[in-house]
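Here is the structure we will look at.
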Amino acid sequence: MTKHPMSEFLDLTGKNVLITGSTSGIGQGIAAGLAHAGCNVMINGFGNPQEIEVFRSNLENQTERKVIYSDADLTSVASIEGMFTQFKEEFGDIHGVVNNAGIQHVAPIEEFPIEKWDQIISLNLSSSFHTTRLAFAEMKKRKWGRIINIASAHGLTASPFKSAYVTAKHGIMGLTKTTALEGAEFGIRVNAICPGYVKTPLVENQIHDTAKARNMSVDDVISKVMLDRQPTKEFTTTEEIVRMTCFLMSDATNSITGADIKMEGGWTAL
Ligand code: NAD
């Protein structure tokens, strides 16, 4: 019997994918989702080494895929290059990169710590330039590649007190479009996912920082600042972003490139 195309359109078997910042939150969900969809994955990020190893080995056992870990600090170019050397040694080819690692800092511009600005631009923006440039030549040669940048609604619109984050995320949108054009004739597809607020450790911390910066209660920050801007009045979920990432990693998305995939509950339609 001939297979219906839908029976295998999300089969990602045999793809080797790096997911940055995947020891927590959205990235951890994406790494698990991609492995369950058939990919060998490299996870990366900080955290308790024992907990990371439990996550890594459980995922490997559950999926029978290869799951490896890099503790590279992505604010260091040498560490990023070391992570790629490890990837090559353990996996060989690289088919996909999910640029997800990111941090936040909330403060008025006149009090914004200079070292936080530098750290956010380095991690949330420059690290994606480095991973993209290091993966690109091989993807070009193979004429197939997927780069998925986890941007934000803040890649498309601003909020006060988040100067570094909003600047970095707007930069990611430029990088996405430029590299989509450069990869277009080589089978490389580059897209950005722009989520609204997702309840992860990054946001839990932000709720408290925003409460302080705006002199508001935690409940008021959730209802009057965060979800106020999301017309659905619901947090975006990690599961939704995982499904979108798996879809973008597949062959089904050959005509989607340079796109901003808005998953912000209508925020930017306002
Ligand atoms: P998180 O804090 O749960 O996870 C961040 C990950 O990045 C962790 O694995 C952490 O160890 C890693 N990391 C931090 N510094 C690093 C460094 N120097 N080198 C390598 N890894 C490092 O955050 P999250 O909410 O899951 O966010 C993931 C991405 O999604 C970020 O880019 C964020 O901007 C974006 N995003 C989040 C939301 C949200 O509401 N949570 C909304 C839109 C976009």
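First listed ligand is number 1; within each ligand, the first listed atom is number 1. Residues: numbered from 1 along the sequence shown.
Of the N or O atoms in D73, one or more lie within a sub-3.5 Å distance of an N or O in ligand 1. Considering backbone and side-chain atoms alike, L74 places an N or O below 3.5 Å from some N or O of ligand 1. Ligand 1 has no N or O atom lying under 3.5 Å from any N or O atom of V203, backbone or side chain. Residue T75 has no N or O atom closer than 3.5 Å to an N or O atom of ligand 1. Considering backbone and side-chain N/O of I103, none are found under 3.5 Å from N/O of ligand 1.
Considering only non-hydrogen atoms, atom 4 (O) of ligand 1 lies nearest to S24 out of S22, G45, S24, A168. Nearest to atom 44 (C) of ligand 1 by heavy-atom distance, out of A151, S76, G102, is A151. Residue L202 holds the heavy atom nearest to atom 2 (O) of ligand 1 of all those in L202, I241, T238. Looking at I150, I43, I193, N44, it is I150 that brings a heavy atom closest to atom 30 (O) of ligand 1. In the candidate list T20, T23, D71, I120, T23 is nearest to atom 10 (C) of ligand 1, counting heavy atoms. If you check each of A31, S152, G196 against atom 38 (C) of ligand 1, the one with the closest non-hydrogen atom is G196.
Under 4.0 angstrom from ligand 1, there are no non-hydrogen atoms of A153. When non-hydrogen atoms are compared, ligand 1 lies under 4.0 Å from neither the backbone nor the side chain of S127. Contacts between K169 and ligand 1 below 4.0 angstrom, taking non-hydrogen atoms only, involve the side chain exclusively. With a 4.0 Å cut-off on non-hydrogen atoms, V198 touches ligand 1 through its backbone as well as its side chain.
Counting protein heavy atoms only, atom 32 (O) of ligand 1 is closest to N100 O, 2.7 Å. Of all protein heavy atoms, the one closest to atom 11 (O) of ligand 1 is F46 N, 2.8 Å. Of the protein's heavy atoms, T200 OG1, 3.5 Å lies nearest to atom 24 (P) of ligand 1. The nearest protein atom to atom 15 (N) of ligand 1, hydrogens excluded, is given as L123 CD2, 3.4 Å; this is a heavy-atom distance. Among all protein heavy atoms, the one lying closest to atom 37 (C) of ligand 1 is I26 CD1, 3.6 Å. Residue, atom and distance of the protein heavy atom nearest to atom 7 (O) of ligand 1 are G21 CA, 3.4 Å.
In summary, R133 and E182 do not engage in a salt bridge, as defined by a charged side-chain N under 4.0 Å from a carboxylate O. Salt-bridge annotation for E239 and R243: absent, with no side-chain N of the basic residue lying under 4.0 Å from a carboxylate O of the acidic one. A salt bridge is defined here as a Lys NZ or Arg NE, NH1 or NH2 lying under 4.0 Å from an Asp or Glu carboxylate O, and E53 with R56 meets this definition.
Close approach to Y197 involves these atoms of ligand 1, each under 4.0 Å from a residue heavy atom: 40 (O). Per-residue contacts place G25 under 4.0 angstrom from the following atoms of ligand 1 (heavy atoms of the residue considered): 3 (O), 26 (O). In the vicinity of A72, heavy-atom distances shorter than 4.0 Å reach the ligand 1 atoms 19 (N), 20 (C).
Here P108 pairs with E110, E111, F161 under the side chain to side chain contact (heavy atoms under 4.5 Å, CB included) rule; sequence neighbours left out.
Nearest approach of T132 to N99, heavy atoms of both residues: OG1-ND2, 3.7 Å. Here the closest non-hydrogen pair linking A31 and L59 is O-CD2, 3.9 Å.
Residue contact check for ligand 1: G29 places no non-hydrogen atom closer than 4.0 Å to it. In this structure, C194 does not count as a contact residue of ligand 1, since none of its heavy atoms falls inside 4.0 Å of the ligand. Residue G47 places every heavy atom at 4.0 Å or more from ligand 1. Between Y165 and ligand 1 there is a heavy-atom distance shorter than 4.0 Å.
At least one donor-acceptor pair closer than 3.5 Å links the side chain of E240 to the backbone N or O of T237. Within the 3.5 Å criterion, the main-chain N or O of M216 finds no donor-acceptor partner in the side chain of D220. A donor-acceptor pair under 3.5 Å is absent between the side-chain atoms of T245 and the main chain of I30, judged by distance alone. T13 places no side-chain N or O within donor-acceptor distance of the main-chain N or O of G38, the cut-off being under 3.5 Å.
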| message | Could you walk me through whether I43 and I52 satisfy the side chain to side chain contact (heavy atoms under 4.5 Å, CB included) test, starting with their C-alpha distance in whole Å, then the side-chain angles of each, then the deciding distance to 0.1 Å, before giving a yes or no? | response | CA-CA 9 Å; I43 56 173; I52 294 171; 4.2 Å; yes

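Judged by distance alone, the side chains of E204 and T200 never bring a donor and an acceptor atom under 3.5 Å apart.
For Y165 and H105, the ring centers are positioned 6.0 Å apart or more.
The aromatic rings of Y197 and F235 sit perpendicular to each other, their planes meeting at more than 60°, with 30° as the lower class boundary.
Side chains of S24 and P201 form a contact here, defined as non-hydrogen atoms less than 4.5 Å apart.
Put simply, the residue from T179, N254, T253 that forms a side-chain hydrogen bond (donor to acceptor under 3.5 Å, both in side chains) with R189 is N254.
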